2 protein chains.
Amino acid sequence: MGKTSLQNGTPSPAITRAWIGLMRAQQRVLAAIEKDFKSAGLPPLGWYDVLWELVKADGGRLRPFEIEARTLLAQYNLSRLIDRLEREGLVRRETFDADSRGRWIVITEEGRAMRERMWQTYARSLERHIGDKFSEAEARELAALLSRLA
Amino acid sequence: MGKTSLQNGTPSPAITRAWIGLMRAQQRVLAAIEKDFKSAGLPPLGWYDVLWELVKADGGRLRPFEIEARTLLAQYNLSRLIDRLEREGLVRRETFDADSRGRWIVITEEGRAMRERMWQTYARSLERHIGDKFSEAEARELAALLSRLA
DNA sequence: TTAATATAGATGCAACTGCATATATCCATA
DNA sequence: TATGGATATATGCAGTTGCATCTATATTAA
């Protein structure tokens, strides 16, 4: 039994409230951010994560399975997300010579530009929907607590 | 600009880490719980919320728009979720005489039994995936911080 | 070598979601 | 009391997800 529980195997009210709070907070903030993206005529937030991993990576490229590990996307979802990104010209698929099962996913100039454009909106959203609600110390505390669930 | 931000409109690292932590924690815990449900041969977690609201409600029944308000489900998603619950015999749609646009959604005995069965698994999951990770005080602190985002 | 197994990535299909709109009814007011 | 607008719920459609499986290639071990 966990550190925090009643005798009968029922989670304590605090645990329950933390869980409900986690679900609702994530849903609300995510919905608010997605709405801001939509208003700005931007693609869904999920695209950002992939583009950002590629920008951070050496040579602006990664293997699909590497993106998968960094983003928590399921393999089949990532494969199709890459389809969409490629259709919009934001990434290219290139051959990976050392293993012909593999591919490089390479970010294009358009992809880099899009990521920056998305960040403008994203940064403002984070400020508005999260930053405004916490002091610096509280934000650190929240991040620390959440990291225990990762 | 928020309480917590740098000059240039970029969210502070603490805010960014809180946000990433929020997304990842929710995804991971939700995925773990859904997996537990699936292993136990149970329907998706989303069903639980509706059944639970109905159990708590007077007479075991609510109007769809009341469920909507209590669960954050979108109207069209709820309408279809009720279809599925009804198909499984867990709820019934009944007429609402005072306003014939409306309906009652009534939980059945099977619905009550299913909710209890789901709770067995749910409670253990919450213990394992959240309760084990926090002291009582920490859980309260986390819930309090998350409630600011609601 | 070859056969068995594992890994990288893609894809058909059914279920679910979001969006827009439909349908039915109610309410306010001219 | 007719009409314009609001509210409650449902639904067609296109896009997305999850699941299972496929193809292609790599690795291991006999």
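Predicted, not measured: the structure shown is a model, and the values here were computed from it.
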In whole Å, what is the span from the OH atom of B:Tyr76 to the P atom of D:dT9? 16 Å
Would you say A:Tyr122 and B:Trp19 are linked by a side-chain donor-acceptor pair, where the criterion is simply a distance under 3.5 Å? yes
For D:dC19 and B:Lys38 - does any side-chain N or O of the residue sit under 4.0 Å from the phosphate oxygens OP1/OP2? yes
Using whole Å, what does the distance between atom P of nucleotide C:dT17 and atom CD of A:Gln27 come to? 11 Å
Test side-chain contact (heavy atoms from CB on, under 4.5 Å) applied to B:Met114 and B:Ile107, B:Leu85, B:Leu90, the passing residue: B:Leu90
Tell me if a side-chain donor or acceptor on B:Glu86 pairs with a main-chain N or O of B:Arg93 at a distance below 3.5 Å. yes
Can you measure from NZ (B:Lys133) to CZ (B:Arg128) and round to the nearest 0.5 angstrom? 10.0 Å
Spacing of B:Leu62 atom CG relative to D:dA8 atom C1', expressed in whole Å: 15 Å
How many whole angstroms separate atom CD of B:Gln75 from atom C1' of C:dC19? 12 Å
Touch class at under 4.0 angstrom, heavy-atom based, for A:Phe96 against every strand present: nothing
Could you tell me the separation between the CD atom of B:Glu68 and the P atom of D:dT7, rounded to a whole number of Å? 13 Å
Will you find, in the side chains of B:Ser125 and B:Asp36, an N or O donor that is under 3.5 Å from an N or O acceptor? yes
Side chains of A:Val29 and A:Leu126: closer than 4.5 Å at any heavy-atom pair? no
Respond yes when some side-chain nitrogen or oxygen of A:Ser100 is under 4.0 Å from OP1 or OP2 of D:dA24, and no when none is. no
Between residues 77-85 of chain B and DNA chain D, which residues have a heavy-atom gap below 4.0 Å? B:Ser79, B:Arg80
In whole angstroms, how far is the P atom of C:dA6 from the CZ atom of A:Phe65? 18 Å
Rounded to whole Å, how long is the line connecting atom CZ of B:Phe37 with atom P of D:dG18? 17 Å
It should be established whether B:Arg101 places a side-chain nitrogen or oxygen under 4.0 Å from OP1 or OP2 of nucleotide C:dC27. no
Could you pull out all residues at least two apart from A:Glu53 that satisfy salt bridge (charged side-chain N to carboxylate O under 4.0 Å, His left out)? A:Lys56, A:Arg70
To the nearest Å, how far apart are B:Asp99 CG and D:dA6 C1'? 12 Å
